[in-house]
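Take this structure, written in C-alpha cells, and hold onto it; I'll ask about it next.
A note on names: the letters A, B, ... follow the listed sequences, proteins ahead of strands, and every chain is numbered from 1. What you see is a predicted model, and the numbers here were worked out from it, not measured in a lab.
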Number of protein chains: 2
Amino acid sequence: MVPAIDVSAEMNLLRRRMVERGFKSTPQRDEIARWVFTTHDHFTVDDIINNFRNRGKKISTATAYRVVQMMLELNLLEEHDFGRGTKYYEHTPGHEHHDHIICNDCGQIFEFANQQMEKLKDEIARQMGFAMTKHTLSIYGNCTRCTPEEKNARRNHRA
Amino acid sequence: MVPAIDVSAEMNLLRRRMVERGFKSTPQRDEIARWVFTTHDHFTVDDIINNFRNRGKKISTATAYRVVQMMLELNLLEEHDFGRGTKYYEHTPGHEHHDHIICNDCGQIFEFANQQMEKLKDEIARQMGFAMTKHTLSIYGNCTRCTPEEKNARRNHRA
DNA sequence: GTATGTGCAAAACGTTTGCAAGTTC
DNA sequence: GAACTTGCAAACGTTTTGCACATAC
C-alpha cells in the first residue's frame, strides 16, 4: 500500500484562503490541490491533466489552468519559466525560498539555497532603489552525470 | 540630423561569423543587424518589425524571427524571458555580462553587474558539480519612482 | 436563488514551418 | 545554377476566453 502523505495542513490553508477571497470549494479544486501538495517537484499544467488521466479521471484543460491561476493568487504556488515553452510550478507551503540549477542535457531541475546569495540580492535591490518583490536565479549547465569531461574522465580511468 | 552611430565593427564581426558558418548576406539581415547593434536596449522581435514599419519599410515576421535565431547562433544576441509572454533580446558585442532588475509598475528594465554575485554563482555551480553554461538572475520590484511608500513620502512632504 | 465554477470548443498569443518564388555567390 | 533566403499563409503549442450548463452555498 502506498503510504498516504498528510497534506491536511496545506488543504486547510487552501480552504482558509479560498473563503477569505470568496472562492468556492469544488471537487476539481480539491483534487488538483491535493495532488499539487503531495508533489514535491516542479510540474506543468499538463502534468496535472495527465495525473487525472492516469487515474482514469478527466479534467478540462481550462479548469486545470484556472485552478493553477487561483492557487497562484492565493500564494500557494510559485511560477517558473525555464525557457522550455511551458511554465513550471511548485507549491510554496513548507518550502523556503530557493533557486534552481538545471541540466541542459538530462533536464533535471535541482534546487539550492544560499544565504549569502539572498543577502546579496537584497543589497543590490537596495542599492538600485528597488522595493524587491520577487527574484529568480537560474543556473544552467551540465550536471555531474552529463558533463562531457566527466564522461571522458571516467572512460579514461577504465581504459 | 541624427548623428550616425558607428556600428561597423559589429557589422564586420557579424559578416565574419556569417561567412564562417555559410550564411549569406542579404539586405534584410543587414538592416536588422544594423538596427540591433544601434539599439542599446532590450527589444522584442516585434520591435524589429515595428522599426521597419515606422520607416515605411516591410519585413516578414518569419524573416525577423529567423534573423534573430541566426544572430543567437552566432553569439551576437542574448535572449531573456522576463515573464511577459514574449522574449527579449539584447546584442552582446561591447556588453559585459550583467543581470536585470525590472520594475513591476513602469516595466523598465535596468541592468546591474556585481562581481561578488558572479563569483558566488561560479562557486554554487561548482559545489553542485555543474559545468555552468548560462545563468540568469532577475530581480523584480518597484523602482524609486514607482515605490508606493516613496510616493506617499513625497505626498506627505508637500502636504 | 444567486453567484460561481465547469467543460467544451473556439480564439488568442507568440513563434515556427512548408513551400514557391526570388536572391546570393 | 546550386544553395540558400524570403514572404506568405498555414500550423504550432501553450494558454485564455465565451458561453451554456451544472454546482456550491
In whole angstrom, give the distance that lies between atom CZ of B:Arg29 and atom C1' of D:dC4.
8 Å
Quick one: the side chain of A:Arg66 and the base of C:dG7, do they pair up donor-acceptor inside 3.5 Å?
yes
Between CG of A:Asp30 and P of D:dC25 the distance, given in whole Å, is 9 Å
Nearest to the B:Gln69 side chain among C:dT16, C:dG5, C:dT15, which nucleotide is it?
C:dT16
Hey, does B:His91 have a side-chain heavy atom less than 4.5 Å from the side chain of B:Thr39?
no
Between D:dC8, C:dG5, D:dT15, which nucleotide has the shortest distance from any of its atoms to the side chain of A:Tyr65?
D:dT15
Rounded to the Å, how far apart are A:Asp81 CG and C:dG14 P?
15 Å
Please pick, from C:dT6, D:dA24, D:dT5, the nucleotide with the shortest atom-to-atom distance to any side-chain atom of A:Pro27.
D:dA24
Kindly point out which of C:dT24, D:dG7, C:dC8 is positioned nearest to the side chain of B:Lys24?
C:dT24
Walk me through it: do A:Arg16 and A:Asn12 pass the test side chain to side chain donor-acceptor pair (under 3.5 Å)?
CA-CA 6 Å; A:Arg16 246 179 293 133; A:Asn12 285 336; over 6 Å; no
How close or far is atom P of C:dT15 from atom CZ of B:Arg84, stated in whole angstroms?
13 Å
Can you measure B:Met18 atom CE to C:dC25 atom P for me and round it to whole angstrom units?
8 Å
Among the nucleotides C:dC25, D:dA24, D:dG7, which one has an atom lying closest to any side-chain atom of B:Ala62?
D:dG7
From C-beta outward on A:Thr86, which listed nucleotide comes closest to its side chain: D:dC8, D:dT15, D:dA24?
D:dT15
Are OP1 or OP2 of D:dG7 and a side-chain N or O of B:Thr63 less than 4.0 angstrom apart?
yes
Contact check, side chains of A:Leu137 and B:Lys121, non-hydrogen atoms, under 4.5 Å:
yes
Can B:Arg53 and B:Asp46 be said to form a salt bridge (charged side-chain N to carboxylate O under 4.0 Å, His left out), step by step?
CA-CA 10 Å; B:Arg53 201 164 288 152; B:Asp46 233 54; over 6 Å; no
Looking across every strand, which nucleic acid part, if any, lies under 4.0 Å from B:Thr44 by heavy atom: base, sugar-phosphate, or nothing?
nothing
Start at the 5' end of DNA chain C and walk down; is the nucleotide closest to A:Gly22 or to A:Ala64 reached first?
A:Gly22
Can you tell me how far C1' of D:dG7 sits from CD of B:Glu31, to the nearest Å?
16 Å
With the side chain of A:Gln28 defined as its heavy atoms from C-beta on, choose the nearest nucleotide among C:dG5, C:dT6, C:dT24.
C:dT6
Whole angstrom is fine here: how far is it from CD1 in A:Ile49 over to P in D:dT16?
12 Å
State whether A:Arg15 and A:Asp30 are salt-bridged, where the test is any N-O pair (Lys NZ or Arg NE/NH1/NH2 against Asp/Glu carboxylate O) under 4.0 Å.
yes
How do B:Thr61 and B:Val67 order along DNA chain D: which one's closest nucleotide is nearer the 5' end?
B:Val67
Please report, rounded to the nearest Å, how far the P atom of C:dT15 is from the NZ atom of B:Lys87.
6 Å
